[in-house]
Amino acid sequence: MLDRNARVKVSQAVRANTAQMSDPASEHAVRRYRTLFLSDLHLGARGAQAELLVDFLKHNDADTFYLVGDIVDGWRLKNGWYWPQAHNDVIQKLLRKARKGAHVIYVPGNHDEFAREYTGLNFGGVDVVDHALHKTADGKTMLVIHGDQFDIVVRNARWLAFFGDWAYDFAIVVNTWFNRARRMFGVGYWSLSAWAKLKVKNAVNFIGDFENALASEAARRNVDGVICGHIHHATIKTISGKLYVNTGDFVESCTAIAEHDDGAFEILRWHKTAAEREAADAVERAKSLPERAAAA
């Protein structure tokens with residue numbers, strides 16, 4: 001039998017753990033969704049935000065996960081092996097989700113096209129498919145596909161796609177150093193390439209053509225909409241009566257798409273969420289300093 005002091009300590013510990021589990025601000029708090037869609041993680045590339053992605057997977061869970069292509073960057077790995085522990089942690093986190101009962105569906109893209117040879121198979125609880133038809137909670141049928149099949153550059157000018165990929169990587173490097181300087185001055189994250197996509201005429205036209213092509217494919221297949229990745233531009237919109245959802249990426253914008261229990265879709269912007277949580281933690285630490293000083 002525990003003595004009275006020991007019972008009090010156990011009771012306090014249980015209450016503290018219970019409060020932490022129920023506190024949304026806790027680092028262990030988990031938000032659960034019906035479905036989560038992630039794409040363009042580009043694990044194996046130096047621009048991948050693996051640590052932030054691990055943080056995302058730690059704080060978010062779902063009954064079903066869709067990995068909508070470019071999960072592993074085979075193009076980069078061919079040129080030189082780069083696979084730090086954080087990238088391995090992401091894979092382990094996803095496999096753990098599958099072991100715990102989540103349905104994990106992997107739709108390969110152009111950067112991980114090697115995985116298309118394994119469609120129809122299951123690895124560690126992860127189903128590999130060419131595309132998927134997702135039924136939302138409110139009855140919509142959504143085509144889930146990476147989207148590179150509708151990128152005329154990737155299909156017809158592969159060398160140009162590789163060149164564009166190199167230029168994008170250069171922009172990521174510039175963006176990384178630029179944002180380090182911004183953090184030193186307490187300024188939030190800003191994406192150079194995302195800004196360019198919305199300002200450069202050719203980029204805007206490319207995005208518009210891509211979105212229209214995917215909406216047309218949804219109409220051709222007689223489904224309610226499409227969920228894709230590929231162009232690293234997260235959005236939810238209606239095009240010609242079809243719902244177009246793009247997951248974005250986890251290189252710059254660090255976005256994902258969540259489906260709620262009522263079938264509604266939401267863009268999760270984890271750069272912003274993580275920054276807000278860090279700011280809140282900093283405030284709490286600052287508040288606790290006088291208390292610690294008084295206790296000392």
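Please read all numbers here as calculations on a predicted model, not as lab measurements.
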Testing Arg34, Arg32, Lys100 one by one against Asp63 for a salt bridge (Lys or Arg N to Asp or Glu O under 4.0 Å), which residue passes? Arg32

About how many Å separate CG of Asn60 and OG1 of Thr273, when rounded to the nearest 0.5 Å? 8.0 Å

Using only atom types and a distance under 3.5 Å, with no angle test, would you say the side chain of Asn212 pairs donor to acceptor with the backbone of Gly208? yes

If you count heavy atoms of other groups shown closer than 6.0 angstrom to CG of Asp262, is the number above 12? yes

According to a hydrophobic-cluster definition based on side-chain heavy atoms being under 4.5 Å apart (Ile, Leu, Val, Met, Phe, Trp, Tyr only), do Leu43 and Tyr118 belong together? yes

Close side-chain approach of Lys97 and Lys93, heavy atoms under 4.5 Å: no

For Asp73 and His111, does a side-chain donor sit closer than 3.5 Å to a side-chain acceptor? yes

Going from CG on Leu77 to CH2 on Trp75, what distance comes out if it is rounded to the nearest 0.5 angstrom? 13.0 Å

Looking at every non-hydrogen atom in both residues, tell me the closest pair between Val251 and Asp249 and how far apart they are. N-OD2, 2.7 Å

Parallel, tilted or perpendicular: ring planes of Phe210 versus His230, cut at 30 and 60 degrees: tilted

May I ask you to decide if Asp209's main-chain N or O and Glu211's side chain share a donor-acceptor pair within less than 3.5 Å? no

Side chains of His42 and His87: does their closest heavy-atom pair fall under 4.5 Å? no

State, yes or no, whether a side-chain contact exists between Asp61 and Arg31 at a heavy-atom distance under 4.5 Å. no

About how many Å separate CG of Leu53 and CD1 of Ile71, when rounded to the nearest 0.5 Å? 8.5 Å

State the CG-CG distance between Leu57 and Leu38, to the nearest 0.5 angstrom. 6.5 Å

Closer than 3.5 angstrom, by distance alone: can the side chain of His232 be matched with the main-chain N or O of Glu252 as a donor-acceptor pair? no

Is it true that Ile105 and Leu133 fall in one hydrophobic cluster, defined by side-chain heavy atoms closer than 4.5 Å? no

Is there side-chain contact between Tyr66 and Thr247, with at least one heavy-atom pair below 4.5 Å? no

Mind checking whether Leu36 and Ile257 have side chains closer than 4.5 Å, heavy atoms only? no

Heavy-atom side-chain proximity of Val104 to Phe123 below 4.5 angstrom: no

Check: Gly74 main-chain N/O paired with Asp112 side-chain donor or acceptor under 3.5 Å: no

Quick one: are Phe250 and Asp40 in side-chain contact, heavy atoms under 4.5 Å? no

Heavy atoms only: give me the nearest Val129-Pro108 pair and the separation to one decimal. O-CD, 3.1 Å

Minimum heavy-atom separation for Gly248 to Ser39, with atom names? O-OG, 3.4 Å

For Leu243 and Ile236, work out which heavy atoms get closest and say how close. CD1-CG2, 4.0 Å

Pairing donors with acceptors under 3.5 angstrom, does anything connect the side chains of Asp70 and His146? yes

For Asn122, check side chain to side chain contact (heavy atoms under 4.5 Å, CB included) against everything at least two apart and list the hits. Asp127

Gap separating the CH2 atom of Trp81 from the CZ atom of Arg76, nearest 0.5 angstrom: 14.5 Å

May I have the list of side-chain donor-acceptor pairs in residues 263-270 shorter than 3.5 Å, sequence neighbours left out?
unit_1: Glu266; atom_1: OE1; unit_2: His260; atom_2: NE2; d: 2.7
unit_1: Trp270; atom_1: NE1; unit_2: Asp55; atom_2: OD2; d: 2.8

Which atom pairs, one a donor and one an acceptor, fall under 3.5 Å between side chains of residues 136-145 and the rest of the protein, sequence neighbours left out?
unit_1: Thr136; atom_1: OG1; unit_2: Asp138; atom_2: OD1; d: 2.5
unit_1: Thr136; atom_1: OG1; unit_2: Gly139; atom_2: N; d: 3.4
unit_1: Thr136; atom_1: OG1; unit_2: Lys140; atom_2: N; d: 2.8
unit_1: Thr136; atom_1: OG1; unit_2: Lys140; atom_2: O; d: 3.4
unit_1: Asp138; atom_1: OD1; unit_2: Lys140; atom_2: NZ; d: 3.0
unit_1: Asp138; atom_1: OD2; unit_2: Lys140; atom_2: NZ; d: 2.6
unit_1: Thr141; atom_1: OG1; unit_2: Lys135; atom_2: NZ; d: 3.1

Is it true that the side chains of Glu259 and His134 contain a donor and an acceptor less than 3.5 Å apart? yes

Hey, any chance Tyr33 and Phe56 share a hydrophobic cluster, counting ILVMFWY side chains that come within less than 4.5 Å of each other, even indirectly? yes

Does Val107 belong to the same Ile/Leu/Val/Met/Phe/Trp/Tyr cluster as Val226, with side-chain heavy atoms less than 4.5 Å apart forming each link? no

Is there a path from Val72 to Phe65 through hydrophobic residues (I, L, V, M, F, W, Y) whose side chains come within less than 4.5 Å of each other? yes

One should read off an interatomic distance between Ser253 OG and Lys272 NZ, to the nearest 0.5 angstrom, of 13.5 Å

I want to check something: taking the side chain as every heavy atom from C-beta on, are Tyr106 and Val68 in contact at a cut-off of under 4.5 Å? no

Smallest heavy-atom separation, Val54 atom then Val90 atom, equals CG2-CG2, 3.7 Å

Closest non-hydrogen contact found for Glu51 with Ala86 is OE2-CB, 3.7 Å

Got a donor-acceptor contact below 3.5 angstrom from the Asn88 side chain to the Ile91 backbone? no

